[in-house]
**Student:** 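Next up is a structure, given as structure tokens.
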Amino acid sequence: MNRRAAPAAVLALLCLTAGGCAGGPSLETRDAVAASPGDNKNLVVGSAGFTESDVLAQMYALLLKDAGYSTRMLTVANRELYEPALESGQIDVVPEYAATFADWLNAKANGPDAPPAGSPDLTATMDNLRRLATPRGLTVLDPGRAVDQNAFAVAASYAREHRLKTLSDLGRSGLKVRLAAGDECVKRPYCEPGLKKVYGIDITGIDPKGVGTTQAKKAVQSGQDQMVLTTTTDATLAQFGLVILADDKHLQNADYIVPVVNRSRAGGAGPTKALDKLNKVLTTADLASLNQQIDSWRRLPQDVARTYLEDKGLL
């Protein structure tokens, strides 16, 4: 994902007012945990500064405005900064990813070597995420239908030739596979080790071209590599003649899109009802299309967000 840096002045302000960006709930957050869920009419919607987060945040803002709230946007590209700001109430709502955020909060609370809190099981992941978020004054709303997980794609011609639809098919085929991915793929359990252990895929090497980069996709398109690590919301695969192989044994964690709110300011029924409207409609394919409109067609996130919500009858 293409993440842009937040302005230095904004980052400095967030560090100063969010407890120095240190771990652990602030005094204000501890008091807010026992308070009734809030319904502040002036809300700040946060974005992590990459395309998908931007368009999700814009849709959140529009839905809240439609429900009678005044909203403004704040982009902070560093989770180490925006999560404490969410705890302190400087940011009231952000789009997050269930398994990733669960693991992040878990490491913050219990150290980097703590057992994972995120898993392929959505129910277990959400239980862990809410258990970790609640003491920090955060409320995690229900996940929607859209999920942005790691995914593995091959050339469509390669898939047709070898009759591949799933990663299990690739494992059973016995084909030797050179994988275009990031350097960390060699050690990450969801990447090379998982592909070998769970699916029996014969990974002969990692071509360190990054996750879902143009260079990586071109390497698979040309046949230099046989498979690329990307994401389920990558809307550019068809441009390179690539298709995703289904993760039929659920190797990847449950990174469903979830709105996370500051409980004391936006944890009430009003914001929950407004944001839940999107969860019931937005699919993974929809999100990929929205990303494509911004990244490939150069449309503005706010315009893409409004058009989608209007087309779905949500505004």
Side-chain angles (χ1 to χ4, degrees), residues 1-6 45-64 71 73-79 81-83 86 91 93-104 118 122 125 129 140-153 182 190 210-214 216-217 228-239 242 244 247 252-261 275 277-309 311-312 314:
M1 296 178 178
N2 182 19
R3 302 171 185 269
R4 61 176 180 268
V45 180
S47 167
F50 56 94
T51 296
E52 189 166 286
S53 187
D54 283 345
V55 74
L56 286 166
Q58 291 287 349
M59 288 193 287
Y60 289 3
L62 288 167
L63 289 169
L64 289 167
T71 64
M73 303 286 297
L74 180 62
T75 297
V76 184
N78 188 320
R79 187 179 275 119
L81 296 177
Y82 75 67
E83 189 277 331
L86 185 62
I91 296 175
V93 54
V94 294
E96 264 292 357
Y97 301 89
T100 296
F101 197 46
D103 283 337
W104 194 87
L122 178 59
T125 295
L129 175 54
V140 182
L141 305 187
D142 290 339
R145 301 164 61 191
V147 57
D148 186 349
Q149 296 170 309
N150 292 300
F152 296 92
Y190 65 79
V211 179
T213 63
T214 297
K217 292 171 191 171
V228 58
L229 170 61
T230 183
T231 67
T232 53
T233 59
D234 186 337
T236 66
L237 294 175
Q239 298 175 23
L242 308 181
I244 289 175
D247 179 20
Q252 303 304 320
N253 282 347
D255 260 331
Y256 283 75
I257 309 299
V258 290
V260 182
V261 303
L275 296 173
K277 291 167 64 177
L278 180 62
N279 282 346
K280 294 177 180 178
V281 172
L282 185 69
T283 66
T284 303
D286 289 344
L287 192 51
S289 175
L290 298 179
N291 289 339
Q292 182 183 37
Q293 291 177 53
I294 297 166
D295 289 338
S296 299
W297 304 354
R298 302 304 179 192
R299 295 188 61 197
L300 295 174
Q302 56 266 39
D303 294 338
V304 172
R306 179 175 290 279
T307 299
Y308 178 81
L309 294 177
D311 287 348
K312 295 296 182 179
L314 299 182

**Student:** Apply side chain to side chain contact (heavy atoms under 4.5 Å, CB included) to residues Lys217 and Asp234 and explain how you reach the verdict.
**Tutor:** CA-CA 11 Å; Lys217 292 171 191 171; Asp234 186 337; 2.7 Å; yes

**Student:** Of all heavy-atom pairs between Leu122 and Pro143, which one has the smallest distance, and what is that distance?
**Tutor:**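 Heavy atoms of Leu122 and Pro143 come nearest at CD2-CG, 4.1 Å.
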
**Student:** Any side-chain heavy atom of Ile244 within less than 4.5 Å of one from Leu237?
**Tutor:**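 The answer is yes; the side chains approach within 4.5 Å.
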
**Student:** Does any non-hydrogen side-chain atom of Leu278 lie less than 4.5 Å from one of Leu309?
**Tutor:**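 Touching, per the 4.5 Å side-chain cut-off.
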
**Student:** I'd like to check Phe101 versus Val260 (side-chain heavy atoms, cut-off strictly below 4.5 Å). Are they in contact?
**Tutor:**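 Sidechains of Val260 and Phe101: in contact.
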
**Student:** Would the distance check show the side chain of Asp255 and the main-chain N or O of Ala99 forming a donor-acceptor pair, the cut-off being under 3.5 Å?
**Tutor:**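 Side chain of Asp255 to backbone of Ala99: a pair is present.
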
**Student:** Gln149 side chain to Asn253 main-chain N or O, any donor-acceptor pair under 3.5 Å?
**Tutor:**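 Indeed, once roles are kept as given, a pair shorter than 3.5 Å links the two residues.
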
**Student:** Considering only heavy atoms from C-beta outward, does the side chain of Leu229 approach that of Tyr190 to under 4.5 Å?
**Tutor:**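 Heavy-atom side-chain distance check passes, below 4.5 Å.
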
**Student:** I'd like to check Val93 versus Leu64 (side-chain heavy atoms, cut-off strictly below 4.5 Å). Are they in contact?
**Tutor:**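 Contact flag for Val93/Leu64 side chains = yes.
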
**Student:** Looking only at non-hydrogen atoms, find the nearest pair between Ala98 and Leu129 and report the distance.
**Tutor:**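 For Ala98 versus Leu129, the nearest heavy atoms are O-CD2, 3.8 Å.
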
**Student:** Do Thr284 and Thr233 have side chains that approach each other closer than 4.5 Å (heavy atoms only, starting at C-beta)?
**Tutor:**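 Yes, side chains in contact.
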
**Student:** A quick test of your reading: do over 12 heavy atoms of other residues, nucleotides or ligands sit less than 6.0 Å from CZ of Arg306?
**Tutor:**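 Counting neighbours around CZ of Arg306, 12 or fewer heavy atoms of other residues, nucleotides or ligands fall under 6.0 Å, so no.
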
**Student:** Counting C-beta onward and ignoring hydrogens, is there a side-chain heavy-atom pair between Leu290 and Gln58 closer than 4.5 Å?
**Tutor:**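 In short, these two side chains do not touch, never coming nearer than 4.5 Å.
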
**Student:** Report yes or no: does Thr283 contribute a side-chain atom to a donor-acceptor pair with the main-chain N or O of Asp286 at less than 3.5 Å?
**Tutor:**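 Yes: the side chain of Thr283 pairs with the backbone of Asp286.
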
**Student:** Just do the side chain to side chain contact (heavy atoms under 4.5 Å, CB included) check on Asn150 and Asp247 with the steps written out, would you?
**Tutor:** CA-CA 9 Å; Asn150 292 300; Asp247 179 20; over 6 Å; no

**Student:** Taking atom CG of Asp148 and atom CD of Gln252, what is their separation to the nearest 0.5 Å?
**Tutor:**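 Going from the CG atom of Asp148 to the CD atom of Gln252 covers 11.0 Å.
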
**Student:** Side chain to side chain contact (heavy atoms under 4.5 Å, CB included) between Tyr308 and Leu282: does it pass, once the steps are laid out?
**Tutor:** CA-CA 9 Å; Tyr308 178 81; Leu282 185 69; 3.6 Å; yes

**Student:** Show your reasoning for whether side-chain hydrogen bond (donor to acceptor under 3.5 Å, both in side chains) applies to Thr51 and Asn291.
**Tutor:** CA-CA 6 Å; Thr51 296; Asn291 289 339; 5.8 Å; no

**Student:** Check whether any side-chain heavy atom of Glu52 sits under 4.5 Å from a side-chain heavy atom of Ile257, and report yes or no.
**Tutor:**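 Yes; the side chains approach each other to less than 4.5 Å.
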
**Student:** To the nearest 0.5 Å, what is the distance between CG (Asn279) and CG (Leu141)?
**Tutor:**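 Nearest 0.5 Å value for the CG-CG distance: 7.5 Å.
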
**Student:** For the pair Thr75 (side chain) and Ser47 (backbone), establish whether a donor and an acceptor sit closer than 3.5 Å, ignoring hydrogens and angles.
**Tutor:**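 Between the backbone of Ser47 and the side chain of Thr75 there is no qualifying donor-acceptor contact (under 3.5 Å).
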
**Student:** Donor-acceptor check, side chain of Thr307 to backbone of Asp303, threshold 3.5 angstrom: yes or no?
**Tutor:**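 Checking the backbone N and O of Asp303 against the side chain of Thr307, a donor-acceptor pair under 3.5 Å is found.
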
**Student:** Would you compute the distance between atom CG of Leu56 and atom CZ of Phe50 and round it to the nearest 0.5 angstrom?
**Tutor:**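 Reported value, rounded in 0.5 Å steps: 8.0 Å.
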
**Student:** For Ala57 versus Gly46, what's the shortest heavy-atom pair and its separation?
**Tutor:**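 Smallest interatomic distance, heavy atoms only, reads CB-O, 3.6 Å.
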
**Student:** Restricting to non-hydrogen atoms, name the atom on Ala48 and the atom on Ser53 that form the minimum distance, rounded to 0.1 Å.
**Tutor:**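 It is N-OG, 2.8 Å.
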
**Student:** Nearest heavy-atom pair of Ala153 and Leu242: which atoms, and what distance?
**Tutor:**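 Residues Ala153 and Leu242, closest heavy atoms: CB-CB, 4.3 Å.
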
**Student:** Report the C-alpha separation of Lys277 and Lys312 in whole Å, then their side-chain angles, then the decisive distance to 0.1 Å, and conclude whether the side chain to side chain contact (heavy atoms under 4.5 Å, CB included) test is met.
**Tutor:** CA-CA 10 Å; Lys277 291 167 64 177; Lys312 295 296 182 179; over 6 Å; no

**Student:** Identify the heavy atoms of Gly118 and Ala102 that sit nearest to each other, and give their distance.
**Tutor:**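 In terms of heavy atoms, the two residues are closest at N-CB, 4.2 Å.
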
